[in-house]
Amino acid sequence: IFRNLRGKTMKPTSVHDIFIISFFVFSHLVRGVRINAASAPDCFTLYCFTQYCLYLQLEDCRSGMYPPKGPTYGNVTWYTVNLDLPPSERWTQVIKDKNTELITMVRTIKDMAKGFFNGKLVNLVDEELPLIVDTLPQPFNEEIKGIAAVSGIPLGEITLFNIFYEVFTVCTSVVPLVVNVNFQRGNKTVFKSTNFAGYVGILTGIRPGEFSLTVNERFSVDGGYVGILEWILGWRDGMWMGFLTRKVLENATSYEDAKNQLSQTELLAPAYFILGGNGTGQGCVITRTRINTLDIWELDMKLGRWYVLETNYDHWEKPMIFDDRRTPAMKCMNQVTQANISLASIYDVLSTKPVLNKLTTYTSLMDVSAGTLESYIRDCPNPCTPW
Ligand SMILES: *[C@@H]1O[C@H](CO)[C@@H](O)[C@H](O)[C@H]1NC(C)=O
Ligand SMILES: *[C@@H]1O[C@H](CO)[C@@H](O)[C@H](O)[C@H]1NC(C)=O
Ligand SMILES: *[C@@H]1O[C@H](CO)[C@@H](O)[C@H](O)[C@H]1NC(C)=O
Ligand SMILES: *[C@@H]1O[C@H](CO)[C@@H](O)[C@H](O)[C@H]1NC(C)=O
Ligand SMILES: *[C@@H]1O[C@H](CO)[C@@H](O)[C@H](O)[C@H]1NC(C)=O
């Protein structure tokens, strides 16, 4: 398969093959925390299941959690990224401030990777991944190079963080990297996001007055690694998910434009896009495969659908029994009622376990018309489910 898929851009070397295969294996192991939960039981999931049962008596919907207080609900710092600067200079301030944390995160990942193939995996990241960065689209390639230059971290490791970010989002070492970013052109805000310092794509963002956008991971057999493998091997038709969301936030001109781009662009990995607009009925969940759109689930007042709620499962299927955050979240939303919906009441819903769990890194609240984005780093004190 590798031989048939290989494109022209990368020279075939056996080292390259080992790199690809070991990454494939490595990423699945690290992601196991989540993937195992949704596939055949093994020792780990059985252990977790036991833990989960202990907590299965779901807690009552929280109230009065907002505004967040207490030492663990840290405020996220704001930075400005000036889009008028050359891409390589845009992230300088963020990286200067967060360099210690970035180095720590990269070291944690390296230590984990050292266990594979007698440490050869680490060498391969340093030697092979810098080749990949030039295949990434503008302005992402230049921004990544700029970040590597400012931080002094090898380019391969920054590239790794940018293309396998899903692996890292479950690591606790990314928590200190959470920042809010105000992206500006001509000294005016174009969009705002909550980001991980060092990552140039977007997972959560808002274009004030126009739309808000977040991404959720969608597990599928035809998963992200197929697309990433194809990219490495030279088939480069799809778009990196976090790069598409950045492009949409940066350059889409309306809710409709954003919706079209998000549903029509070929992707490297399946995903859910959660899009909100500023008008009545503008709110939807777009369920994507790599190639096409399976479903666009929109608000519909006539049907009494005053909210749409997405975790990590297709909304027309039941969530996995191990990971049902949807039922408790919907229970709380229905208790709040449309009349009482506000940032505060949404924060309460998102603070109710197991909607809030050990994997929750941050909670973001966005109001499209007001143009606001606020994010809070989360902690889930015991007893708390692992996911
Ligand atoms: C977070 O920021 C808000 C508004 O900027 C402020 O009122 C609040 O005291 C801050 N909280 C913490 C824990 O620093
Ligand atoms: C942005 O503001 C700074 C100082 O406030 C000014 O020096 C600069 O010329 C402005 N840039 C643009 C593109 O307006
Ligand atoms: C809503 O978005 C439309 C189109 O982007 C814009 O013309 C309008 O001013 C926005 N309304 C508000 C209240 O921001
Ligand atoms: C947005 O459009 C501008 C102008 O066409 C382009 O330079 C920029 O790279 C685009 N942004 C993204 C993230 O693609
Ligand atoms: C909604 O809010 C009103 C006034 O703030 C309050 O009296 C009422 O009890 C709330 N309803 C629910 C279901 O919480």
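Both ligands and their constituent atoms are indexed starting at 1 by order of listing. The model shown is predicted, which means the values in this text are computed figures rather than measured ones. When reading the values below, keep in mind they use all heavy atoms of this one structure, side chains included, and skip hydrogens, waters and symmetry mates.
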Electrostatic pair Asp379:Lys358 at N-O distance under 4.0 angstrom
no
Is Lys192 paired with Glu374 through a side-chain N to carboxylate O contact shorter than 4.0 Å?
no
What is the nearest protein non-hydrogen atom to atom 9 (O) of ligand 4, stated with its residue, atom name and distance?
Pro139 CD, 3.9 Å
Look up atom 7 (O) of ligand 2 and tell me if a protein heavy atom lies less than 4.0 Å from it?
no
Lys318 with Asp324: basic N within carboxylate O range, under 4.0 Å
no
Can a protein heavy atom be found under 4.0 Å away from atom 3 (C) of ligand 4?
yes
Quick test: of every protein heavy atom, which one is nearest to atom 13 (C) of ligand 2, and how far off is it to 0.1 Å?
Gly186 CA, 3.7 Å
Between Phe243 and Phe140, does a ring-ring contact (aromatic ring centres under 6.0 Å, His included) hold up when you go through it step by step?
CA-CA 8 Å; Phe243 295 174; Phe140 306 105; 4.0 Å; yes
Lys259 with Asp257: basic N within carboxylate O range, under 4.0 Å:
no
Could you go step by step and tell me if Glu317 and Arg326 meet the salt bridge (Lys or Arg N to Asp or Glu O under 4.0 Å) rule?
CA-CA 11 Å; Glu317 307 268 13; Arg326 185 200 294 167; over 6 Å; no
For the pair Tyr376 and Tyr66, name the ring-plane relationship: parallel under 30°, tilted 30 to 60°, perpendicular over 60°.
perpendicular
The closest protein heavy-atom partner of atom 5 (O) of ligand 2 is Asn187 ND2, 4.2 Å
Can you find a protein heavy atom under 4.0 Å from atom 11 (N) of ligand 4?
yes
Any heavy atom of Lys247 under 4.0 Å from ligand 4? The part involved is both
So which heavy atom in the protein is nearest atom 1 (C) of ligand 4, and how far is it from that ligand atom?
Asn251 ND2, 1.4 Å
Check whether any N or O atom of Glu250, backbone or side chain, sits under 3.5 Å from an N or O atom of ligand 4, and answer yes or no.
yes
